[in-house]
Structures are given as structure tokens and as C-alpha cells.
Number of protein chains: 2
Amino acid sequence: MSSKIIHMETVGQIIRAKRESLGLLLRQVASYLDIDQAILSKIERNERTPTRNNIIKLAEILKLDKEDLLVQFMSEKIAYEIANEDCASKVLKVAEQKIKYLKSNLTKN
Amino acid sequence: MSSKIIHMETVGQIIRAKRESLGLLLRQVASYLDIDQAILSKIERNERTPTRNNIIKLAEILKLDKEDLLVQFMSEKIAYEIANEDCASKVLKVAEQKIKYLKSNLTKN
DNA sequence: ATTACATTTGACAAATTATGTCAAGTAAAA
DNA sequence: TTTTACTTGACATAATTTGTCAAATGTAAT
């Protein structure tokens, strides 16, 4: 029964909501990330993609689960990359096979 | 029963095998792709990643299924991107959800 | 309405990565 | 030993990413 998809927030929406709920200003968070607040503003509105390091620092200062946020971040990047392909789901399936194959071969080295 | 994974060739291996079976030279194929044969040599040995356009031209000249080769190409890129993450399979699952969500919202515009 | 403050915007700069050329090197066959 | 195919690595150029800055906008309090 029914969808597993409860919400589908972007990373930007997640961090903006959390930042505001903590009462932090753009410039405060941006300074912690060591970037200009203009970039953070754009990240929150999906005009710029954060770097991996941005994500890690954001999780820290916003008290979000780092692993979760990274998963959101990476999956968002991948989704954006292939969403317009009609073979998108096939690509993901094959990617999964390839990863399994790669990991199974790690044991052999 | 057992593994669905029969072979797990890279794009490089696929095109090298096919090129050789057709008796084509690096320089012939490279010229068709409008690149230096050094690049093609590297692509075949996984030292360089092909461009999307390279893949399309390769499918043409090597009489490979374009869609299949593109799927291999894109999934390889994704696999390479996240293979070293321990949350790799979660990333793929979430990516799939996001893509479904994006596509369901296309109808609403 | 003026001031003060947070955010947004766009032009631009710097750094990084992707893509390519070239020429010399290796290897094997003729 | 000359020719042929391929490989290698140093380097060049182009494209993309990532960032800065200052001006513009929005918003709330004085």
C-alpha cells in the first residue's frame, strides 16, 4: 500500500529550514563553511551545488546527520545528472551491478 | 539460480574488442570521432573517460547499440563516482526515488 | 520615510578539471 | 632494419566549478 515517499526536500530546502529553525543567519553559517554568504544563499535555493566539504560542515553546524545529508547530496547530484534520460532507471540498475562487482573484487586484492 | 552477472566489461573493453573484431585501427576510429588516436587508446584502457559524443560516434562506427553503450557509459561513471562510499546502494535507491518524483512532477507542468 | 539588517542578484575572478595535441617511445611483424 | 600499430607522458587549451564583491532588493522597526 501507498507511497514510501513522504517528503522530497532538496538539500537546499533541508538546510534552509534547519538553519532558520536554529535562528542562524546566512553569514554566520557561511563563515563557518568558509565561503561567502552569497554562495550559501544560492545553495539553499538550488542555484549552486554545494561541495562535499560544504555538506560536511553544514551537517556539523546545523546538527544534521552527516551520513544522511551526504546521501541526499550525492543522490540529488546523480538524479539531476540522469533524470532527463529515458533509460535512467536502467542506468541505476546497471550502476548497482557494477558497484557490486567492484566490491566483490576488492576482496581479491 | 546464482548470479545475473555474466560479464562485467568496461566500456573501454567493449569498444576495444569490437574495434579489433572489425579490423579497424585506432587512427581510423579516432579520426571518425575527430580526436587524436592517443585519446582513443587511453579510453580503451580506461585511462580517460570518453565524452557523451565520443560514445555516440563509437556506437555508430562500431555498429554497437547506441542506447546500450550509453547506459554502460553513464552507469560506469556513476559507479566510479560512489563505489568507495559505504552508503553507495542507499544513494542509488534514494536517487531512484528522486527521479520518480521529478518525473511525476513533469506532468504537472 | 528613514534606517538597519538579512538576503538576493549578477558581473566578474580564480582554481580546478576535462579534453585535446604532439612527439618520442615501445613492440611486433614484414 | 624498416614499417606499422599502439602507448606514454609532457604540455596546451577549453570548460566548468567555485568563489568574491558590491549593488539591489526586501523587510521590519524607529
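Per chain, numbering begins at 1; letters A, B, ... match sequence-line order.
The distance between atom CG of B:Asn46 and atom P of D:dT7, rounded to the nearest whole Å, is 12 Å. Between B:Gln28 atom CD and D:dC6 atom C1' the separation is 13 Å, expressed in whole Å. Atom CD1 of B:Ile43 is separated from atom C1' of C:dT21 by 14 Å (rounded to the nearest Å). The distance between atom CD of A:Glu44 and atom C1' of C:dT7, rounded to the nearest whole Å, is 10 Å. Atom CD of A:Glu47 is separated from atom C1' of D:dT18 by 15 Å (rounded to the nearest Å). Atom-to-atom, OH of A:Tyr80 to C1' of D:dT16 comes out at 12 Å; the value is rounded to the nearest Å. Following rounding to the nearest Å, A:Glu20 (CD) and D:dT27 (P) show an atom-to-atom distance of 13 Å. Whole-Å rounding puts the B:Asn53 CG to C:dT19 C1' distance at 13 Å.
The phosphate of D:dC6 (OP1 or OP2) has no side-chain N or O of B:Arg45 nearer than 4.0 angstrom. The phosphate of D:dT7 (OP1 or OP2) has a side-chain N or O of B:Arg16 nearer than 4.0 angstrom.
For the pair A:Glu96/A:Lys100, a side-chain contact is recorded, criterion being any heavy-atom separation below 4.5 Å from C-beta on. No side-chain heavy atom of A:Lys77 sits under 4.5 Å from any side-chain heavy atom of A:Thr49. Contact of the B:Gln13 side chain with the B:Thr10 side chain is registered, since non-hydrogen atoms from C-beta on lie closer than 4.5 Å. A 4.5 Å side-chain heavy-atom check between A:Leu92 and A:Ile82 finds at least one atom pair inside the cut-off. Using a 4.5 Å heavy-atom threshold, the side chains of A:Glu76 and A:Asn46 count as touching.
If you take CD1 on B:Ile55 and CG on B:Leu62, they are separated by 10.0 Å, rounding to the nearest 0.5 Å. With rounding to the nearest 0.5 angstrom, the CD atom of B:Glu44 is 12.5 Å from the CD1 atom of B:Ile39. One finds the CG atom of A:Leu40 at 7.5 Å from the CZ atom of A:Arg16 (value rounded to the nearest 0.5 Å). The OG1 atom of A:Thr51 sits 8.5 Å away from the CG atom of A:Leu58 when rounded to the nearest 0.5 Å.
Residues from residues 54-61 of chain A lying near DNA chain C, meaning a heavy-atom separation below 4.0 Å, are absent. Contacts between residues 33-41 of chain A and DNA chain D, counted as heavy-atom distances below 4.0 Å, involve A:Ile35, A:Asp36, A:Ala38, A:Ile39.
In this structure, A:Arg19 reaches the sugar-phosphate backbone alone: every heavy-atom distance under 4.0 Å involves primed, P, OP1 or OP2 atoms, never a base.
Take the nearest nucleotide of DNA chain D for B:Leu26 and for B:Lys42: the residue whose nucleotide is more 5' is B:Leu26.
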